[in-house]
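Before any comments, here is the structure.
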Amino acid sequence: MTKQIQVKNGKITAVQAKDVTHSGGRGEPFHDWFPYLEGYSSQFVKQIIDAKFENPKNLLEPFCGVGTTPIALAQLGISCGYTEVNPFLVELVSLKTICLRMKPSGRIKAAETIQTLKQLIRNDSNTAKSDTLLKTSYSGVFGVVEYFRENSFKQILRLKTLERKLECDLSKRFMRIAVSTSLLEASLLRRAGDVRFKTEKELLKPIPDILELVTEKLSLIQSDLNLNGLPNEQEIVFLGANAKQLHTDAMPSFDGVITSPPYLNGTNYIRNMKLELWYLGFLNSKVDLQKFRQAVVTSAINDVSRASGLVVLDEARDVVEAISQDCYDKRIPKMVAGYFEHMKIVAEGIWGQVRSGSPVCIDIGDSIYGGVHVPTHSVLAAVFESVGFKLEDETVLRKRHSNRGAELSQRLLVFRK
Ligand SMILES: C[S@@+](CC[C@H](N)C(=O)[O-])C[C@H]1O[C@@H](n2cnc3c(N)ncnc32)[C@H](O)[C@@H]1O
């Protein structure tokens, strides 16, 4: 039996480790459309609601990812407003929201739409013309680097032509998500923490056919539409792309927050999804990557720009100084300083958005650079307290390890306004 979150004297003391990772939700409706290693499971969200909230109506999720929080909340009858900087993920969450809110008759129609799409792919994908715009933008973004074998690349360009010809908005959305979420598996890349080229040994395994992957993904979406328990009337509202732009002087309308901000561990949320962003038309040239770099919460080496690290918060000073003295890359202290500077802006935004007494629940992990431990949870707690929040619980959710084997952790911080 799954061990639930344990609560003692109003404080969370333990959690089922599987639930705090993306794999904990495998097999749940909507969960497998795009495997997101950085996510947690819907069970985790539900357990936090039971443990820390009293009859909430509307929550805020500033770092929405693939939408685990809003989808889990909707199933509990709770609305959610979210921000997410990656437009591919926004499009994914938006399609999940549409499906979640469909009435039974709408779901039957949507399943038929998907059936027609599958037929279209089967009949027309080998004869359709290649999409020249997509081909040009590939060169604009990636130059001469080859991420696909020639045949897969041609198929992708043909799928884009089919997508552009679709007149029905819903068909287009299904097609865009089914293709974009299949690209990585059909490429010469693999996700291992960050996305990287496959090794020669890994390339000995056959690369799946993109048309089969897309058809399988459409079938998965179709079967999720057939599940009982839908639809749900709760609101899932996109508030804007950037969690750093939540209004600080807003009229508080949220009953709390459940979120997982970027970990300060170098994962580059945008670069790891460059194929998906390119296919969907969000990356047309190298400049587009820079725009995202300015918008994200700095958490990876490639996010560091000239402006990063100019402000060092008091709460982060010791760790930034320690790392400056002992680091293999000058950008690391800038990245650490920039991270906490950005997270303070987000904390101020959250303060403006949540009602007094609301719980703010944050899943976070620490990191280590060149032997210097960065206790992200402690510094983040101090930053949130500097904004006015009170730290109520700190629970170790599971142990993690750095690339070199140093012990790290994943924690849940619960603050209260
Ligand atoms: C740890 S992931 C969240 C995963 C999410 N809990 C889930 O289960 O899918 C952090 C997310 O924050 C997003 N992000 C980074 N900077 C952001 C910003 N300035 N505003 C909004 N979202 C941002 C990233 O794109 C990433 O999807």
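Counting from 1, the numbers follow the sequence of the chain as shown. In listed order, ligands and their atoms are each counted from 1.
- For an aromatic pair to be called close, the ring centres must be under 6.0 Å apart, and F153 with Y138 satisfies this.
- Close approach of ligand 1 to P62 (heavy-atom distance below 4.0 Å) involves ligand atoms 21 (C), 22 (N).
- A salt bridge between R191 and E276 is present, with a side-chain N of the basic residue lying under 4.0 Å from a carboxylate O of the acidic one.
- D314 has a carboxylate O that lies under 4.0 Å from a charged side-chain N of R317, or vice versa, which qualifies the two as a salt bridge.
- Of all the atoms in ligand 1, the ones that sit under 4.0 Å from a non-hydrogen atom of V296 are 16 (N), 19 (N).
- Per-residue contacts place P261 under 4.0 angstrom from the following atoms of ligand 1 (heavy atoms of the residue considered): 1 (C).
- The N/O atoms of T83, backbone and side chain alike, include none that comes under 3.5 Å of an N/O atom in ligand 1.
- Counting only non-hydrogen atoms, the option in I258, L239, V66 that gets closest to atom 9 (O) of ligand 1 is V66.
- When non-hydrogen atoms are compared, ligand 1 lies under 4.0 Å from the backbone of F63 as well as from its side chain.
- Set against the non-hydrogen atoms of Y36, the atoms of ligand 1 under 4.0 Å away are 4 (C), 9 (O), 26 (C), 27 (O).
- Between the choices G65, G349, S260, G240, the shortest heavy-atom distance to atom 10 (C) of ligand 1 belongs to S260.
- Among N242, V90, V85, the residue whose heavy atom lies closest to atom 19 (N) of ligand 1 is N242.
- Residue contacts with ligand 1: K244 is placed with no nitrogen or oxygen under 3.5 Å of a nitrogen or oxygen of the ligand (distance criterion only).
- Per-residue contacts place A241 under 4.0 angstrom from the following atoms of ligand 1 (heavy atoms of the residue considered): 20 (N), 21 (C).
- For A295, every heavy-atom contact with ligand 1 shorter than 4.0 Å involves the backbone, none the side chain.
- Taking a 6.0 Å sphere around NE2 of H247, one finds it holds 12 or fewer heavy atoms contributed by other residues, nucleotides or ligands.
- Which parts of ligand 1 touch A243 is read off a 4.0 Å heavy-atom cut-off, strictly below it: atoms 18 (C), 19 (N), 20 (N), 21 (C).
- Ring to ring, F282 and F292 are not that close: their centroids are 6.0 angstrom or more apart.
- At a heavy-atom cutoff of 4.0 Å, ligand 1 is contacted by both the backbone and the side chain of Y40.
- Side chains of D363 and S260: a donor-acceptor N/O pair is present below 3.5 angstrom, by distance only.
- Those atoms of ligand 1 that come under 4.0 Å of a heavy atom in L89, given as number and element, are 27 (O).
- Interface of T68 with ligand 1, defined as ligand atoms under 4.0 Å from a residue heavy atom, comprises 7 (C), 8 (O), 9 (O).
- Atom NZ of K135 sits in a sparse spot, with 12 or fewer heavy atoms from other residues, nucleotides or ligands closer than 6.0 Å.
- Taking the centre and axis of the six-membered ring of W351, the NZ or CZ atom of K417 falls inside the cone set by 45° and 6.0 Å.
- Relative to the six-membered ring of Y279, K160 meets both conditions, a distance below 6.0 Å and an angle of at most 45° to the axis.
- Residues K52 and E392 are paired through a salt bridge, judged by an N-O separation under 4.0 Å between the basic side chain and the carboxylate.
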